[in-house]
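Everything on this sheet refers to the single structure shown next.
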Amino acid sequence: MKARIIAVAVAVLVFVPAAYSAGKTTHGARKTKTQTTIVIYASGDVNVQNLWQNNIIPHFEKENPGIYVKFVFSPHGADDGTTLARIGAAVKGRHWPGIDLVDAGLVTTLALDGLDQPVSKATAPNIKKVNPALLTPVKGAAIPYRGSSVVLAYNSNYVKTPPKTLADLLAWIKANPGKFTYNSPNTGGSGYSFAETVVDSFISAADLKQMDNGYVPNLESDWNQGLQALHGLTKYVYQGVYPNGNAATLQLLAQGQIWIAPVWSDQSLSALASGQLGPNIKLTQISNPSFTGGAAYLGVPKTARHKKVLYRFVNYILSPEAQQMIVNVMSGFPAIDIKYMGSAIQQKFEDVSANTLRPTFSTKMGNDFKAQWQQTVP
Amino acid sequence: MVLPPVAVVAVFIGFPVGAAIAYTLGKTGGPNSTIALIAQRQHVAKHGVTFAAYREVLGNAHVRGDLWATVWVTLLTIAAVVVLSWAIGLYVRLSDTWIARTVSALSVIPLFIPVVIASYAILTFYAAQGFIKTLAYHVGWHSFPTLGYTMWAVVIGEVWVNVPFGVLMMSSGLNSVPNALIEAARDSGASLPQTIRAVLLPMNVIPTVIVATFTGIYVLGSFTVPYLTGPSAPNLMGVSMSQFFQSFNQPQQAEVMAMIVFVLAAGLGTIYVWANMRAAKRASQTS
């Protein structure tokens with residue numbers, strides 16, 4: 001009896017997967033005859049996954065029969081390092097890296113190291129609708145497709161009149177010890193933006209422009225004054241600790257342990273919508289200088305396949321229709337000029353878009369900045 | 001028969017380690033060319049080798065601070081794990097009650113809980129509004145320290161993660177001591193502490209050395225516990241290394257730090273090998 005059960009179990013274990021994979025191969029073979037498959041790799045939080053998986057990709061596939069978009073997602077960019085090495089090695093060896101389009105922080109590195117294919121107006125006409133200033137820091141080799149900016153979140157139960165300028169904010173932090181913190185710059189963009197904004201306030205506009213657009217290590221001594229100012233804040237921040245990750249700051253804010261913090265606009269708007277942040281949390285922007293914002297970039301590795309189809313996809317992402325999804329689904333900023341969007345969007349972003357997408361340091365300057373912050377501030 | 005495993009070790013371990021050592025010495029060609037294309041602030045040797053990357057990393061006061069923190073957290077964790085697992089192992093060996101069995105079963109539970117979950121749990125448990133501090137407040141101890149985001153939380157986490165392995169090793173080591181030896185000692189009038197010192201301790205040296213060295217090697221290279229529960233700075237080398245590698249885009253410096261940790265771990269490994277060889281020698285002498 002026992003032997004019989006084992007025999008049946010073995011038979012099931014062997015034949016079911018075999019039959020399944022056989023069915024799959026014939027199915028796949030039929031598919032490849034009529035379909036072109038492009039592979040997109042994205043990293044980030046679930047809001048990014050939702051944008052691609054449930055919105056942009058299904059709509060594009062519906063409008064373009066015969067094109068199949070394969071979606072590879074890396075939560076929190078856990079696979080970014082390996083993906084960067086993989087694309088770097090493949091492009092150097094002139095192979096297909098297995099990925100045709102990348103949406104991750106590593107895109108700027110790819111662009112600056114000449115591993116990306118520049119996309120021009122001829123290949124994706126909608127790129128002319130994008131603010132050309134966003135293309136300078138990536139040498140035109142990456143495509144900005146959405147923006148988000150850092151804003152100041154505050155608990156309105158305790159903070160009746162939020163600070164309006166950076167100087168006000170710094171004064172508030174010192175007047176309310178333990179009620180403010182920001183995440184360490186190497187673990188998330190919102191804390192990074194606060195640190196950079198403080199440092200920027202001590203730098204001349206000309207030097208700042210060079211730092212935004214290129215790699216100028218000899219200007220890094222400009223940071224000293226700002227880093228010292230940040231170091232002076234350590235005794236006023238919550239427990240003298242800079243939590244790891246954007247979400248950690250939001251959590252402290254939601255628990256009421258801190259009353260003010262810099263947060264990503266899209267992340268906090270989503271958290272407010274889902275109830276993770278209560279209605280007592282309000283968002284505002286400071287001025288003089290404002291927090292930095294940034295564009296998320298798409299990159300096409302030089303050895304990507306099916307480039308013609310790929311550019312059609314890129315062009316679709318930059319169309320007002322897809323940009324509308326970015327606004328609706330993840331509360332992001334459109335990357336294309338708002339004059340191409342509907343009037344509702346134009347009104348929504350009229351006040352903010354002028355000053356919120358203040359450019360940030362170029363990637364390599366940013367890496368050095370994170371290193372110096374880690375060594376001087378905590 | 002020996003060749004395939006040797007080849008696997010050579011290809012998957014020997015080659016990458018060799019390439020990494022070459023990279024830390026400034027060799028950026030061959031297998032290191034892809035990473036060298038992307039990296040920032042690297043030291044390149046045009047001829048021969050350069051120790052500039054080692055000089056930079058060891059000259060950095062913050063890295064030295066991290067290194068020092070790593071060493072004391074490691075030593076403290078080793079001491080705590082050895083003492084705790086000895087105590088539990090001994091209790092289970094000498095007392096055959098349901099309490100003893102429950103204690104030994106409970107002490108192994110952390111083995112089945114993912115380290116990430118455990119780290120978050122430890123952080124919230126010892127946080128400013130966590131259970132421990134709330135309890136201390138209610139019993140009137142208002143100045144109880146907040147352990148979350150401190151090195152103490154890291155030590156607690158590391159001990160928590162390593163105790164199950166220690167208990168398993170110690171109890172199996174102590175169980176292999178024949179009852180006859182313990183009874184003989186007790187019959188000749190030895191007190192319990194004397195029996196432990198003269199019989200159980202010498203018979204259980206190797207498991208103790210294994211627990212101490214393996215715990216040490218684990219803590220030296222750990223990342224999740226210090227990353228989630230530790231302070232912003234200084235922190236353990238594992239956290240610092242990953243910052244240099246990912247956030248600062250300085251893989252060469254990160255690999256130099258890996259070499260330093262490797263040397264420390266190799267030192268612990270040497271103790272383990274020495275203890276094993278000594279035991280083998282003793283065994284061959286007595287038999």
Side-chain angles (χ1 to χ4, degrees), chain A residues 77-78 80-81 84-93 105-106 108-110 112-115 178 181-188 191-192 215 217 220 234 237-245 248 251-252 255-258 363-378, chain B residues 16 30-42 56-57 59-66 116 119-120 123-124 126-130 133 145-151 153 223-224 226-235 239-251 253-254:
Chain A
D80 276 8
L84 179 62
R86 177 175 166 185
I87 294 174
V91 172
K92 279 196 80 186
L106 62 102
T108 46
T109 313
L110 290 175
L112 295 175
D113 291 322
L115 300 168
T181 195
Y182 59 99
N183 64 278
S184 53
N186 53 57
T187 60
Y192 174 91
Y215 185 49
E220 286 177 10
T234 300
V237 305
Y238 171 78
Q239 286 187 23
V241 162
Y242 302 92
N244 287 327
Q251 208 170 16
L252 289 174
Q255 292 167 346
Q257 302 221 47
I258 55 171
T363 308
K364 284 192 165 181
M365 288 307 278
N367 292 337
D368 281 358
F369 178 65
K370 291 178 212 164
Q372 292 211 12
W373 181 92
Q374 182 66 35
Q375 306 203 346
T376 25
V377 176
Chain B
N32 294 324
S33 57
T34 304
I35 196 157
L37 178 79
I38 290 160
Q40 246 163 288
R41 300 194 169 264
Q42 39 186 2
E56 188 207 319
V57 170
N60 185 328
H62 298 273
V63 175
R64 287 205 304 273
D66 291 344
V116 182
S119 304
Y120 265 119
L123 185 64
T124 41
Y126 296 98
Q129 84 289 26
K133 196 156 173 168
T146 302
L147 297 176
Y149 296 121
T150 68
M151 275 300 175
F223 171 77
T224 314
Y227 179 75
L228 291 173
T229 64
S232 303
N235 210 325
V239 178
S240 202
M241 239 184 274
S242 92
Q243 283 173 348
F244 272 81
F245 193 85
Q246 289 176 323
S247 303
F248 311 156
N249 193 22
Q250 299 182 11
Q253 285 76 354

Non-hydrogen atoms of chain B under 4.5 Å away: do they reach the side chain of A/Ala371, the backbone, both or neither? both
Under a 4.5 Å heavy-atom cut-off, does chain B meet the side chain of A/Gln372, its backbone, both or neither? neither
Between B/Ala61 and chain A, with a heavy-atom cut-off of 4.5 Å, which part of the residue counts as in contact: side chain, backbone, both or neither? neither
Counting only N and O atoms by type, is there a donor-acceptor contact under 3.5 Å from the side chain of A/Gln374 to the main-chain atoms of B/Ser232? yes
What part of B/Leu37 gets closer than 4.5 Å to chain A, counting heavy atoms only: side chain, backbone, both or neither? both
Inter-residue atom distance A/Asn244.CG - B/Thr229.OG1, 0.5 Å rounding: 10.0 Å
Counting neighbours of CZ on B/Phe223 that are heavy atoms of other residues, nucleotides or ligands and sit closer than 6.0 Å, is the number greater than 12? yes
Are A/Asp368 and B/Gln250 side-chain neighbours, meaning at least one heavy-atom pair lies under 4.5 Å? yes
Let me know if A/Gln375 has heavy atoms under 4.5 Å from chain B in its side chain, its backbone, both or neither. both
Reported CG-to-CG distance for the pair B/Asn249 and A/Leu84, which is rounded to 0.5 angstrom: 8.0 Å
Is it the side chain or the backbone of B/Ser240 that comes within 4.5 Å of chain A heavy atoms, both, or neither? neither
Interface residue of largest heavy-atom contact number with chain B, from A/Lys364, A/Gln255, A/Gln257, under 4.5 Å: A/Lys364
Shortest non-hydrogen contact from A/Gln239 to B/Gly148? OE1-O, 3.8 Å
Proximal component of A/Lys92, with respect to chain B [non-hydrogen, under 4.5 Å]: side chain
Chain B contact via A/Leu115 - side chain, backbone, both or neither, heavy atoms under 4.5 Å: side chain
Honestly, the part of A/Tyr215 sitting under 4.5 Å from a heavy atom of chain B is side chain
Heavy-atom distances under 4.5 Å only: say whether B/Tyr227 touches chain A with side chain, backbone, both or neither. both
Taking side chain as everything from C-beta outward and backbone as N, CA, C, O, which of these in A/Thr109 sits under 4.5 Å from a heavy atom of chain B? Side chain, backbone, both or neither. side chain
Measuring only between side-chain heavy atoms, which start at C-beta, is B/Arg41 closer than 4.5 Å to A/Pro217? yes
Quick check: closest heavy atoms across A/Asn186 and B/Ser247, and the distance to 0.1 Å? O-OG, 3.1 Å
